[in-house]
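Encoded as structure tokens, the structure appears first; notes follow it.
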Amino acid sequence: MKSYSLKEIANWQKEVSKKESTISLPSLQRGFVWKSNQIEALWDSIFRGFPVGAILMSIDESENRFLLDGQQRCTSIALGHFNPFVIKELEFLSLKNYKPSIWIDLAPEKNTDGQKFVFRYLTKSHPWGYQLKDNSVTLSMSNRRNALSFFNPLNRNYLELTSKDISPWDAYFPIPLAYILEIDTDNFDCFKCQLLQKTSLLKIKTQHSNDLFVDYTLLEKEKDKFNDHIKNIFIGYLNYKKLSIPEITVDALLLKDDDDEDNNESKDPSLFVRLNSAGTRISGEELIYSIYKAKFPKIKNLVENIGASYIAPSKIISLFSRIIISEQSNYINYQKDISIQNFRKKITETDFQEKLQNYIGNEDDSIAKQLIDDAITILSKEKEDFPVILLKQLIVTNFDLFFVLLSYLRKQGFNNLSEIEKTEIASKYVYILWFNKNSKKVAPSLFNMLFSDTENYSWADATIKLINENLVLPIIKPELIRIQLEEIVIKNGIASNNITEIHKNELFMKEVKEVLLYDSKNESIFNENWNTIVSKIFWNKSMLLYAQKEYMNTKFKEFNQFETIEDTNRPWDWDHIYPDSWVYRKEGINQLVKGWVNCIGNFRALSYDDNRSQNNHSSPKKRFENDLKKGDSYVKENDLHFWNQIDSTFRRIKKNETDKTKLFLSAVIYRMVNIYEEWYLNYYQK
């Protein structure tokens with residue numbers, strides 16, 4: 001049986017870069033999805049001499065090998081050999097651009113739970129790594145701020161940091177794992193000499209190095225204290241050298257869709273499904289994409305270019321399969337998510353195959369790409385300053401609704417729509433997305449209205465019908481929401497989870513009694529709708545991103561997502577203006593303050609590099625005293641008036657402190673309504 005050393009597995013990546021590799025991923029495989037703690041656990045097993053399983057290859061008639069099972073392990077092994085200070089153009093099997101790095105702590109004072117060695121995995125989204133003790137938990141905000149002060153002294157854009165700019169923060173004597181794996185000796189003294197020589201050039205700071213660089217010379221100066229650590233690392237290194245991973249091979253013919261003739265629902269559709277059933281589970285859409293790539297391997301790059309990083313390739317195939325099926329039936333019925341078995345049946349039909357390939361097209365002409373580009377143009381209202389990350393959220397939050405939009409554009413034709421119609425579609429799409437009462441039912445109902453044979457519904461007409469069918473909430477003018485919340489929350493002090501006791505303000509009742517379906521005999525629907533509308537706004541951080549669009553574009557103009565690594569994260573924090581630390585786990589706090597502290601009116605998106613200069617415990621007054629860019633936080637004069645009165649004496653607002661409570665509520669509620677008003681006036685109405 002053939003087996004591979006870990007160094008041989010890492011070298012596959014170099015061969016891929018040179019176009020010399022005889023080992024590749026089959027079309028069936030998906031991207032790299034392991035999390036940080038899984039990667040660190042793998043390397044802990046390697047250094048402890050534990051077996052880490054076999055890899056499964058298929059071999060074709062030309063002796064080319066396809067990695068069927070073991071991609072996650074092989075990529076993790078290769079990353080351990082990546083030296084972050086030597087940037088090479090390595091084309092990893094499943095990673096394209098940014099290469100995460102793996103470090104090892106030579107002498108930690110404590111170990112990661114369940115592990116003998118301390119490995120630190122650093123990604124672009126977490127350049128400082130995770131907590132040492134529990135490597136599934138991110139660092140505290142104060143540690144992240146301190147880390148960024150060291151990582152980013154020139155205050156560059158956070159996203160510009162590269163692997164050579166970063167190092168672990170919760171560590172004691174960290175070095176790149178590649179430094180150890182590059183050593184070639186079985187003699188401990190020689191190993192130690194080379195290891196210490198490699199550390200001599202490192203200038204690394206961690207949270208445990210007390211404002212200084214890590215002093216690696218201590219490893220030699222204090223031998224008695226650290227020698228056992230170095231010996232353990234040496235034993236781990238020897239285990240790494242001895243370990244080989246066996247190869248199990250199967251005939252490449254098994255990659256073929258051998259179940260084509262039998263579409264029994266109880267059968268697994270392919271070998272690939274069986275292999276992955278015990279590993280990291282993959283979705284039906286990924287399997288559908290895998291089946292498609294297996295049949296048409298040359299189409300892979302075209303599909304990956306269609307979504308413009310807004311939509312995963314697996315989602316592209318699923319979406320456009322649904323559109324084709326709808327189109328084939330002349331849009332009579334709403335097409336639900338296509339099942340794996342149904343797709344495998346459809347892909348054998350010549351007409352379906354041709355239509356799907358026609359949609360994908362080629363680099364110069366792709367119907368699918370054009371449809372998605374048209375949808376993005378509509379949703380951004382053709383404005384270049386519309387935040388990229390918000391556009392992505394409008395798409396991925398409810399793919400069923402996006403399917404309706406794409407189907408509509410396909411049938412009507414983008415160029416046949418007037419500018420007024422495009423604006424109306426955008427307004428109603430986002431309104432339905434944010435204010436629906438049933439996310440599962442709203443898309444099918446909207447589809448049936450828009451494609452009705454008997455009615456000629458516009459998006460505006462369909463939205464009104466959705467409201468009448470109690471699937472979408474009615475819209476209320478911002479000033480009316482402010483009037484009501486001032487009365488029932490600020491003045492009367494009704495708790496945040498019980499705001500249904502409507503104050504019968506004359507202006508409010510005149511304006512909303514019809515849209516909220518007011519019935520004096522039965523106020524339940526009226527009160528329910530009112531309460532749900534406020535709740536929808538209360539939690540809507542996407543709406544906050546829209547209000548902060550200028551700031552988001554300044555800081556994160558190109559941000560969409562990082563590669564395919566699963567632990568990706570946004571490069572900003574949701575910062576509490578009134579500190580959460582003044583409320584969280586504190587006794588005797590006014591319930592209204594506890595209830596409203598997590599409202600969008602008390603949040604702002606703040607980049608890590610901006611947040612490092614902030615104090616999480618500062619009062620709102622202090623936060624905005626020296627903040628010359630209050631507009632970045634979307635703070636306007638009517639709420640700033642209240643924030644400026646909330647100083648450190650407002651820490652832990654007690655139950656009986658009515659005046660302080662009202663000031664806090666005024667600040668949060670006015671700002672929440674301002675955020676809603678920004679969207680209402682500048683997106684919904686325009």
Side-chain angles (χ1 to χ4, degrees), residues 263 283-285 287-289 291-292 296 299 303 306-307 310-361 366-376 378-379 394-417 421-422 425 428-429 432-433 436 438-459 461-463 465-466 469 471:
N263 286 299
S283 70
E285 286 170 345
L287 284 171
I288 285 170
Y289 183 42
I291 293 166
Y292 187 69
F296 307 104
I299 214 83
V303 175
I306 288 173
Y310 289 95
I311 307 175
S314 57
K315 186 69 72 175
I316 295 288
I317 298 301
S318 178
L319 269 174
F320 285 98
S321 294
R322 294 170 69 185
I323 290 172
I324 290 167
I325 295 171
S326 295
E327 193 175 26
Q328 287 176 327
S329 65
N330 200 27
Y331 304 98
I332 293 174
N333 297 310
Y334 172 82
Q335 175 60 45
K336 297 180 181 178
D337 281 338
I338 187 169
S339 69
I340 299 167
Q341 297 297 342
N342 191 23
F343 180 80
R344 294 181 67 250
K345 181 180 178 181
K346 297 294 292 184
I347 202 64
T348 63
E349 299 173 5
T350 303
D351 183 48
F352 181 85
Q353 269 189 38
E354 290 177 352
K355 282 186 179 294
L356 189 50
Q357 286 182 287
N358 187 43
Y359 265 82
I360 292 168
S366 168
I367 297 171
K369 186 177 188 308
Q370 189 59 56
L371 274 175
I372 290 174
D373 288 347
D374 291 342
I376 288 170
I378 284 177
L379 292 178
L394 297 181
I395 293 170
V396 303
T397 301
N398 189 330
F399 270 113
D400 287 339
L401 189 59
F402 193 64
F403 158 72
V404 175
L405 175 57
L406 292 179
S407 299
Y408 188 82
L409 292 177
R410 175 60 176 163
K411 185 176 182 183
Q412 301 297 328
F414 178 82
N415 293 327
N416 295 329
L417 298 172
E421 287 175 307
K422 292 173 185 175
I425 291 170
K428 298 305 183 283
Y429 178 97
I432 293 168
L433 179 69
N436 72 78
N438 190 318
S439 60
K440 294 293 184 184
K441 291 183 178 180
V442 72
S445 296
L446 177 63
F447 182 94
N448 291 333
M449 292 173 197
L450 293 174
F451 296 100
S452 170
D453 287 335
T454 57
E455 302 285 347
N456 187 23
Y457 283 105
S458 66
W459 278 72
D461 295 332
T463 304
K465 196 167 191 301
L466 289 171
E469 292 181 357
L471 290 174

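Note that the numbering runs from 1 along the sequence shown for the chain.
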Any side-chain heavy-atom pair of Arg322 and Asp400 under 4.5 Å: yes
Tyr359 side chain near Glu327 side chain, heavy-atom distance below 4.5 Å: yes
Exercise: do Ser445 and Asn448 side chains pair donor with acceptor under 3.5 Å: no
4.5 Å side-chain heavy-atom contact, Leu356 and Ile347: yes
Flag if over 12 foreign heavy atoms under 6.0 Å of CG, Asp351: yes
Lys315 NZ/CZ over Tyr310 ring centroid, <6.0 Å and within 45° of normal: no
Check: Leu450 main-chain N/O paired with Tyr331 side-chain donor or acceptor under 3.5 Å: no
Nearest-0.5 Å distance, OH of residue Tyr408 to CG of residue Leu417: 6.0 Å
Flag, side chain of Asn330 to backbone of Ile332, donor-acceptor distance under 3.5 Å: no
Asn358 side chain vs Glu354 backbone, donor-acceptor pair below 3.5 Å: no
Interatomic distance, Leu401 atom CG to Leu433 atom CG [nearest 0.5 angstrom]: 6.0 Å
For the student: nearest non-hydrogen atoms of Ala375 and Leu406, plus distance: CB-CD2, 4.0 Å
Interatomic distance, Met449 atom CE to Glu469 atom CD [nearest 0.5 angstrom]: 4.0 Å
Check: Lys345 main-chain N/O paired with Thr348 side-chain donor or acceptor under 3.5 Å: yes
